[in-house]
Each structure stands twice: as C-alpha cells, then as structure tokens.
Engineer: 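Just dropping this structure here.
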Amino acid sequence: MTLLVLVGPAGVGKGTVVRRILDSEPDFMLSVSATTRDPRPGEVNGEHYHFVSKPEFEIMLEQGELLEWAQVHGNHYYGTPRAEIDRAKTAQKHLILEIDLQGARQVAGKHVDQVQVFLLPPGWEELEARLRGRGTETEEQIQTRLATARHEIAAAGEFQHQLVNDSVAQTAAEIVGLVREHERGS
Ligand code: 5GP
C-alpha cells in the first residue's frame, strides 16, 4: 500500500484526475476526509466526505484520529482519518489523498510510504476559468481561492513530482506510472 498524495490548487482538476484513476485502476482507492464544511448539492456523507460538526472534528483531533488536518480557505477544517490507511491496507489498495498544501506538508514529514505529486494548471487563465466554471462559489470565495492558489503554486517544488494537468488521461496515466515505479523500487 502506497499513499498517493495529490496536491495542487483548487480548480487544477485534481478531482477529475482522481476519478480517471479510480475508473481505470482497481487497485487504487480514495481516502474519504472529514470536513466541517456543508455538503454541496449531490455530495453524499461518507462517500465524498465525512461531514462533521466543529466539535466532532475537535474530538477526532484530540483523540489523535487524524493523520493530518488543516483549516482551508480560512474557515473550514479538513482532515484525513488514520482509519482510511487501515481501510486501504485491508483492501490491499493504494490510497489517494487529495489534500491541501498544509496537509501534504504534514504527510511528507511522516514515515509513511508515499508518492507526492503536485498538479499544476496549464496556465493562470485556465485555472480561473475552471474555478468560475464550477459555478458553486461566490465571487468572494473565488477570489479567496485564487489567492490560495497563488500561494500554493509557489510551493510546488517542495514535492517529489510536478505535473502540468493539460490532459486528464495523460496526467492520470503518468501518476499511476509514478506509483507503479515506486512499488517496483521499494
Ligand atoms: P473542497 O471544499 O472544494 O472539497 O476542498 C477544498 C480543499 O480542501 C481542496 O484543496 C482539498 O484538496 C482540500 N482537502 C480536502 N480534504 C482534505 C483533507 O483531508 N486534508 C487537507 N489538508 N485538505 C483537504
């Protein structure tokens, strides 16, 4: 079991790449994070996230149940339950962590077998268009996300691999290749 830490700014297309990997590679699974944000239309509790209250999140934290956690976009808490690692070990699958920069830095500092990939947008305009195209955020939220994106992209070099996401199929295949290569080497 290898952890695949996928990091990159909101709007870079992490979700699409992840879905592509999950659809084509049966030995990969997605870690389900805990979050205090509200579900978006269509999001299912326990499937997209474990939607929890702030007090519930704080209890998970105090009890050491989270591998990493962060406050993202200024207000909401997100974290990876350690139980997800056990779930992946039991299933004998690679576990994809689609997390923010702060969380990825925490995981990088742990003795966990991992492959880190930082996804970059093909260009700034594409990123902004993708963020707007989603149509789920207010203008203020978009501006906050763009500011966070600028900050995050500056940290790309801290991670093992950087990939420009200009083709979902190609990016997904490259990422899977990196994990397979890692498996062979370890
Ligand atoms: P969204 O609210 O759009 O689903 O996610 C917002 C951000 O939170 C994304 O950048 C996503 O990668 C990050 N995120 C989601 N789950 C986790 C997690 O468990 N830990 C951390 N650190 N970030 C997360």
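Read the numbers this way: they start at 1 and go in the same order the structure lists the ligands and their atoms. Position 1 is the first residue of the sequence; numbering continues from there.
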Engineer: Can you find a non-hydrogen atom of Arg145 under 4.0 Å from ligand 1?
Structural biologist: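 Contact check Arg145 vs ligand 1: positive.
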Engineer: Quick one: which of Tyr77, Trp69, Tyr78 has a heavy atom closest to atom 8 (O) of ligand 1?
Structural biologist: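 The option holding the nearest heavy atom is Tyr78.
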Engineer: Pull out every atom of ligand 1 sitting under 4.0 Å from any heavy atom of Lys14, numbered as shown with elements.
Structural biologist: 9 (C), 10 (O), 12 (O)
Engineer: Return the set of residues passing salt bridge (charged side-chain N to carboxylate O under 4.0 Å, His left out) with Asp27 (not counting sequence neighbours), or none when no residue passes.
Structural biologist: Arg180
Engineer: Could you list the atoms of ligand 1 found under 4.0 angstrom from a heavy atom of Val72?
Structural biologist: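 In order of number, 7 (C), 8 (O).
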Engineer: Heavy atoms only: which of Ser33, Gly103, Ala34 lies closest to atom 19 (O) of ligand 1?
Structural biologist: Ser33
Engineer: Any atom of ligand 1 sitting under 4.0 Å from a heavy atom of Arg37?
Structural biologist: yes
Engineer: Answer yes or no: does an N/O atom from Gly8 fall short of 3.5 Å to an N/O atom of ligand 1?
Structural biologist: no
Engineer: Could you tell me, atom by atom, which parts of ligand 1 come under 4.0 Å of a heavy atom of Ala70?
Structural biologist: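 So the answer, numbered in order with elements, is 22 (N).
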Engineer: Do Gln143 and Gln141 get their side chains close enough for a donor-acceptor pair, meaning under 3.5 Å?
Structural biologist: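 No, because no side-chain N or O of Gln143 sits under 3.5 Å from a partner of the opposite role on Gln141.
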Engineer: Please confirm whether Ala10 approaches ligand 1 to less than 4.0 Å, judged on its heavy atoms.
Structural biologist: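 Contact check Ala10 vs ligand 1: negative.
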Engineer: Have a look at ligand 1 and work out which part of His48, if any, has a heavy atom under 4.0 Å from it: side chain, backbone, both or neither.
Structural biologist: neither
Engineer: Please collect all side chain to side chain donor-acceptor pair (under 3.5 Å) contacts where either partner lies in residues 47-57, sequence neighbours excluded, each pair once.
Structural biologist: Ser53-Glu56
Engineer: Measure the spacing between CD1 of Ile96 and CD1 of Ile21 and express it to the nearest 0.5 Å.
Structural biologist: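 So the CD1 of Ile96 and the CD1 of Ile21 are separated by 4.5 Å.
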Engineer: Looking only at the side chains, is there a donor atom on one of Asp113 and His182 sitting less than 3.5 Å from an acceptor on the other?
Structural biologist: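 Note: Asp113 and His182 side chains meet the donor-acceptor criterion.
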Engineer: Taking NZ, NE, NH1 and NH2 as the nitrogens, is one of them in Glu25 or Lys93 under 4.0 Å from a carboxylate oxygen of the other?
Structural biologist: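 No salt bridge links Glu25 with Lys93.
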Engineer: May I ask you to decide whether Arg130 forms a salt bridge with Glu125, counting only side-chain N to carboxylate O separations under 4.0 Å?
Structural biologist: no
Engineer: Closest by any non-hydrogen atom to atom 20 (N) of ligand 1: pick that one out of Arg40, Glu68, Gln106.
Structural biologist: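 Answer by nearest heavy atom: Glu68.
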Engineer: One thing to verify: whether Arg145 and Glu152 come together as a salt bridge, which I'm taking to mean a side-chain N less than 4.0 angstrom from a carboxylate O.
Structural biologist: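 Arg145 and Glu152: not salt-bridged.
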